[in-house]
Amino acid sequence: MRLSRSAPSAALPAFPTGAILAALGVALGAFAAHALKARLTPELLTNFETGVRYQMYTALAVLVLGTRPEQRRAPALLLAGAVIFSGTLYILALTGVKWLGAVTPIGGVLLIAGFVLAALDARHSG
């Protein structure tokens, strides 16, 4: 299914979504620093922190894309990538369920695709 560039109702409200994603990133980072530091192994804490870092990168990108009217498709792809990439790292760190590490790269691919799509849409707009 192709999203129409002229259908605002089909577009993700990117700026507010990016702001919420960033706020959650700050909260999760603080949670890791204060509540998880003594409870997780250094490896699992690093996994959690990697999830927070990539969530924040994505949040900032979605915020910026939210200011660009031609960017209707990339923010949704970036959001899906962040949820899968960071979400699986959070769950892996909190539960120790190792097989989630096999799902994490799917989120990474979605993030890469979202950034490529953002570049393509920007190129086609001007």
Side-chain angles (χ1 to χ4, degrees):
M1 179 178 165
R2 184 178 167 134
L3 292 177
S4 168
R5 290 185 190 198
S6 63
S9 61
L12 175 75
F15 197 88
T17 300
I20 291 168
L21 197 60
L24 288 172
V26 171
L28 289 167
F31 175 66
H34 298 289
L36 297 180
K37 193 171 187 175
R39 297 176 188 204
L40 297 180
T41 66
E43 178 185 355
L44 291 176
L45 187 60
T46 297
N47 287 340
F48 197 96
E49 291 170 345
T50 298
V52 170
R53 186 171 52 253
Y54 277 79
Q55 179 174 333
M56 289 302 295
Y57 294 155
T58 304
L60 294 172
V62 172
L63 280 166
V64 169
L65 293 175
T67 67
R68 309 285 306 175
E70 75 277 4
Q71 296 293 339
R72 298 189 183 277
R73 303 177 302 166
L77 210 52
L78 290 170
L79 178 62
V83 167
I84 294 170
F85 185 87
S86 296
T88 56
L89 288 177
Y90 298 148
I91 296 168
L92 176 114
L94 294 172
T95 66
V97 176
K98 300 282 187 199
W99 66 265
L100 284 170
V103 178
T104 305
I106 295 169
V109 169
L110 290 172
L111 289 171
I112 293 166
F115 283 114
V116 169
L117 184 59
L120 291 172
D121 284 349
R123 193 182 89 189
H124 291 260
S125 73

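Keep in mind it's a predicted model, so treat the numbers as computed, not measured. The first residue of the sequence shown is numbered 1, and numbering continues consecutively from there.
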Could you see if [X] belongs to whatever hydrophobic cluster contains [Y]? Use Ile, Leu, Val, Met, Phe, Trp, Tyr and a side-chain cutoff under 4.5 Å.
X      : Y      : value
Val103 : Leu44  : yes
Val83  : Phe115 : no
Tyr54  : Val62  : yes
Leu24  : Val26  : no

Check Arg72, Arg73, Arg68 against Glu70 for a salt bridge (charged side-chain N to carboxylate O under 4.0 Å, His left out) and give me the one that passes.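 Testing each of Arg72, Arg73, Arg68 against Glu70, the sole residue satisfying salt bridge (charged side-chain N to carboxylate O under 4.0 Å, His left out) is Arg68.
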
Can you tell me if [X] uses its side chain to pair, donor with acceptor, with the backbone of [Y] under 3.5 Å?
X     : Y     : result
Gln55 : Ala22 : no
Thr88 : Phe85 : yes
Tyr90 : Gly51 : yes
Thr67 : Leu63 : no

Is there a side-chain contact between [X] and [Y], using heavy atoms and a 4.5 Å cut-off?
X      : Y      : answer
Leu89  : Phe48  : no
Leu45  : Arg39  : no
Leu78  : Leu111 : yes
Leu79  : Leu21  : yes
Val109 : Ile106 : no
Val64  : Leu60  : no

Working to the nearest 0.5 Å, report the span between [atom1] of [X] and [atom2] of [Y].
X      : Y     : atom1 : atom2 : value
Leu94  : Leu36 : CG    : CG    : 6.0 Å
Thr17  : Phe15 : OG1   : CZ    : 11.0 Å
Thr104 : Trp99 : OG1   : CH2   : 9.5 Å
Arg53  : Leu28 : CZ    : CG    : 14.0 Å

So which heavy atom on [X] is nearest to which on [Y], and how close?
X      : Y      : value
Ala74  : Leu117 : N-CD2, 3.8 Å
Gly101 : Pro105 : O-CD, 3.2 Å
Ala59  : Gly18  : CB-O, 3.5 Å

For side-chain contact (heavy atoms from CB on, under 4.5 Å), just list the numbers for Val97 and Leu92, CA-CA rounded to whole Å, side-chain angles, deciding distance to a tenth of an Å, and then say yes or no. CA-CA 5 Å; Val97 176; Leu92 176 114; 5.9 Å; no

With side-chain contact (heavy atoms from CB on, under 4.5 Å) as the test, would you mind laying out the steps for Thr41 and Thr46 before giving the verdict? CA-CA 9 Å; Thr41 66; Thr46 297; over 6 Å; no

